[in-house]
Amino acid sequence: MTAASDFIGRPIEQLPTPAVLIDVPTVRRNIARMADLAQGFGVELRPHWKTSKSAQIARMQVDAGAVGLTAATGAEVEALVAAGFTDIFWAYPPVGPHRVATAMRVAQQARLIVGVDSVASAAPLSAAAASAGIEIEARLEVDSGLGRTGVDPADAVTAARAIAALPGLRLEGVFTHEGQVQGVGADPERRTAVGTAAGSVLAETAARIRADGLELTSVSVGSTAGARSAPAVPGVTEARPGTYVYGDENQVAIGTIDPADTAMTVLSRVISTERGEPVLIDAGIKAMSSDGSMHGDGRFGTVVSPGGGVLATGHEEHGFIRGSSHLRVGDLIRIRPNHACGLTNMHSRVFAIEDDVVADIWPVLGRH
């Protein structure tokens with residue numbers, strides 16, 4: 001059996017497929033651009049790590065000026081700490097005994113900020129921290145229009161006051177995920193307006209909480225689609241984009257990322273042309289995220305190698321390519337996934353490439 005390390009230095013044509021390819025020069029360019037953007041807005045950058053789940057990527061981001069990292073799951077938080085990162089925002093309610101235990105364990109090893117949106121989600125962590133005689137920083141999540149988790153802005157002052165009164169917690173700031181910006185689609189003016197509105201809701205909410213007598217350090221927004229609008233609002237102090245580091249087809253489809261700035265593709269090989277159309281490849285739903293396409297046509301990914309086409313659907317180990325021309329059994333194609341974050345979680349490793357040669361192999365950490 002070929003050891004993984006034996007692929008370093010080989011051209012991608014020699015890789016087993018399906019394989020996730022990450023173009024390193026593109027990643028470095030994306031990291032530098034986002035760092036410059038945040039600096040231009042005068043906000044701190046705390047990238048969401050769920051996109052890459054890579055210690056190598058996290059190190060690049062911190063080295064480029066990120067103040068810390070954002071995580072979604074307990075496994076991600078613990079993986080970051082194990083990799084040596086010491087300033088983490090867990091942007092997810094700590095509901096359930098396992099999440100509380102994880103937060104307690106990590107908070108005694110590194111700086112951990114935990115996101116909550118109610119007293120109900122904060123109280124168990126408060127009780128555990130108070131019992132242990134420690135204090136954990138918390139941020140109040142505010143719904144700026146996505147309609148997911150987060151307190152209604154009208155109720156934020158009351159919620160902040162109640163959470164700040166809980167023992168074992170210190171209310172450090174407020175945050176939001178302006179995911180509704182992506183849903184606006186390809187109209188850049190509408191995206192800017194929706195992102196600016198989200199940033200304004202959060203900044204205004206923070207101002208009302210401060211006027212009520214509570215000190216807040218952070219006013220944190222987070223999305224790639226809103227990265228050029230929400231952090232520009234006066235009063236916002238932090239941005240948490242994630243997808244920007246790899247890019248994906250959904251961001252390309254709405255115009256927030258240029259195709260040349262997408263670093264992630266899936267290398268796949270044609271296994272059958274017996275149907276004529278579709279062509280069958282070895283990247284099915286176990287290799288691709290099945291997150292929906294912003295194109296609205298149900299595709300799982302877009303072929304970016306010569307000949308074009310779309311990954312129209314998939315079975316476990318079979319992908320169905322439509323619209324590609326002149327493909328033969330054994331041919332290699334590269335597919336840009338709809339959603340980079342979901343695809344990362346499907347794999348245990350990615351191949352870091354430069355000039356289509358394997359430069360390194362990066363483990364995917366903190367998988368579900």
| task | Classify the side-chain pair H339/E249 by whether it contains a donor and acceptor separated by less than 3.5 Å. | result | no
| task | Please check if atom CZ in R28 has more than 12 non-hydrogen atoms from other residues, nucleotides or ligands closer than 6.0 Å. | result | no
| task | Taking atom OH of Y92 as the centre, report whether more than 12 heavy atoms of other residues, nucleotides or ligands fall under 6.0 Å from it. | result | no
| Mind checking whether L45 and I31 sit in one hydrophobic cluster, side chains of I, L, V, M, F, W, Y counted as touching below 4.5 Å? | yes
| Quick one: are L171 and L216 in side-chain contact, heavy atoms under 4.5 Å? | yes
| said: Per the salt bridge (charged side-chain N to carboxylate O under 4.0 Å, His left out) rule, what does the pair list look like for residues 321-334, sequence neighbours excluded? | reply: R334-D356
| remark: Rounded to the nearest 0.5 Å, the OG1 atom of T265 sits from the CG atom of D248 at a distance of 12.5 Å
| message | Do L311 and I333 land in one hydrophobic cluster if side-chain heavy atoms of ILVMFWY residues count as linked below 4.5 Å? | response | yes
| Validation row: L15, I12 side chains within 4.5 angstrom (heavy atoms) | yes
| message | Testing the 3.5 Å rule here: is there a donor-acceptor pair between the side chains of S220 and R240? | response | yes
| field | Closest non-hydrogen atom pair between V151 and A159, with its separation | value | CG2-CB, 4.1 Å
| field | Check: D291 main-chain N/O paired with N338 side-chain donor or acceptor under 3.5 Å | value | yes
| message | Between W362 and A55 (side chain of the first, backbone of the second, donor and acceptor by atom type, cut-off under 3.5 Å), is there such a pair? | response | no
| request: Supply the atom-to-atom distance T158 OG1 to D152 CG, rounded to the nearest 0.5 angstrom. | output: 11.0 Å
| Are L267 and I335 linked, directly or through other ILVMFWY residues, by side chains that come within less than 4.5 angstrom of each other? | no
| task | Report the hydrophobic cluster partners of F89, with the cluster defined as I, L, V, M, F, W, Y residues connected by side-chain heavy atoms closer than 4.5 angstrom, directly or transitively. | result | I113, F175
| Taking D23 for the side chain and A263 for the main chain, is one N or O donor matched with an acceptor at less than 3.5 Å? | no
| request: Please report the C-alpha distance between N345 and K53 in whole Å, then the side-chain angles of each, then the deciding distance to 0.1 Å, and finally whether the side chain to side chain contact (heavy atoms under 4.5 Å, CB included) criterion is met. | output: CA-CA 8 Å; N345 195 60; K53 294 180 182 280; 3.3 Å; yes
| Could K50 and E76 be called an ion pair, given the rule that one side-chain N must be under 4.0 Å from one carboxylate O? | no
| message | To the nearest 0.5 Å, what is the distance between CG on L69 and CZ on F85? | response | 6.0 Å
| If you take all heavy atoms of P231 and V43, which pair is closest and at what distance? | O-CG1, 3.5 Å
| note | Closest non-hydrogen atoms of I353 and V358, given as atom of the first, atom of the second and distance, are CG2-CA, 4.2 Å
| request: Only counting residues at least two apart or in another chain, list the ones meeting side chain to side chain contact (heavy atoms under 4.5 Å, CB included) with D36. | output: Q39
| message | Filter on salt bridge (charged side-chain N to carboxylate O under 4.0 Å, His left out), then keep only pairs touching residues 209-222, sequence neighbours left out; what's left? | response | R161-D212
| Are the side chain of T196 and the backbone of A193 linked by a donor-acceptor contact shorter than 3.5 Å? | no
| query | If you measure from the Lys or Arg side-chain nitrogens to the Asp or Glu carboxylate oxygens, is any gap between E238 and R139 under 4.0 Å? | reply | yes
| query | Nearest heavy-atom pair of Q180 and S144: which atoms, and what distance? | reply | NE2-O, 2.9 Å
| task | Drop me the distance from D261's CG to Y246's OH, to the nearest 0.5 angstrom. | result | 15.5 Å
| request: Identify the two heavy atoms, one from I88 and one from A71, that lie closest to each other, and give their separation to 0.1 Å. | output: CG2-CB, 4.4 Å
| message | Once side-chain hydrogen bond (donor to acceptor under 3.5 Å, both in side chains) is applied, what residue pairs with a partner in residues 266-279 remain, sequence neighbours excluded? | response | S268-D282
| task | Give a yes or no on whether the backbone of H177 and the side-chain of R148 come within a donor-acceptor separation of less than 3.5 Å. | result | no
| request: Check whether I22 and I257 end up in the same hydrophobic cluster, where Ile, Leu, Val, Met, Phe, Trp and Tyr are linked by side-chain heavy atoms less than 4.5 Å apart. | output: no
| For Q251 and T243, does a side-chain donor sit closer than 3.5 Å to a side-chain acceptor? | no
| query | Does CG belonging to D355 count more than 12 external heavy atoms closer than 6.0 Å? | reply | no
| Heavy-atom distance under 4.5 Å between the side chains of R59 and V62, does that happen here? | yes
| query | Hey, does the side chain of R367 reach the backbone of M346 with a donor-acceptor pair shorter than 3.5 angstrom? | reply | yes
| message | Nearest 0.5 angstrom please: S289 OG to L343 CG, how far? | response | 6.5 Å
| said: Given 3.5 Å as the limit, does a donor-acceptor pair link the side chain of N250 with the main chain of M294, or not? | reply: yes
| field | salt_bridge(E172, R111) N-O dist < 4.0 Å | value | yes
| said: Once rounded to the nearest 0.5 Å, what's the spacing between atom OG1 of T313 and atom CZ of F320? | reply: 6.5 Å
| query | Who pairs with T237 by side chain to side chain contact (heavy atoms under 4.5 Å, CB included), at least two apart in sequence or on another chain? | reply | S218, V219
| request: Verify the neighbour count for atom NE2 of H318: are there more than 12 heavy atoms of other residues, nucleotides or ligands below 6.0 Å? | output: no
| message | Within the 3.5 Å criterion, strictly below it, is a donor on R336 or T302 matched to an acceptor on the partner's side chain? | response | no
| N/O donor-acceptor pair under 3.5 Å between R299 side chain and S293 backbone | no
| message | Is it the case that the side chain of T51 and the backbone of G242 share a donor-acceptor pair, with hydrogens and angles ignored and the cut-off at 3.5 Å? | response | yes
| note | Closest non-hydrogen contact found for T70 with A91 is CG2-CB, 3.9 Å
| Does one hydrophobic cluster hold both V81 and W49, with members joined at side-chain heavy-atom distances below 4.5 Å? | yes
| message | Donor-acceptor check, side chain of T176 to backbone of E178, threshold 3.5 angstrom: yes or no? | response | no
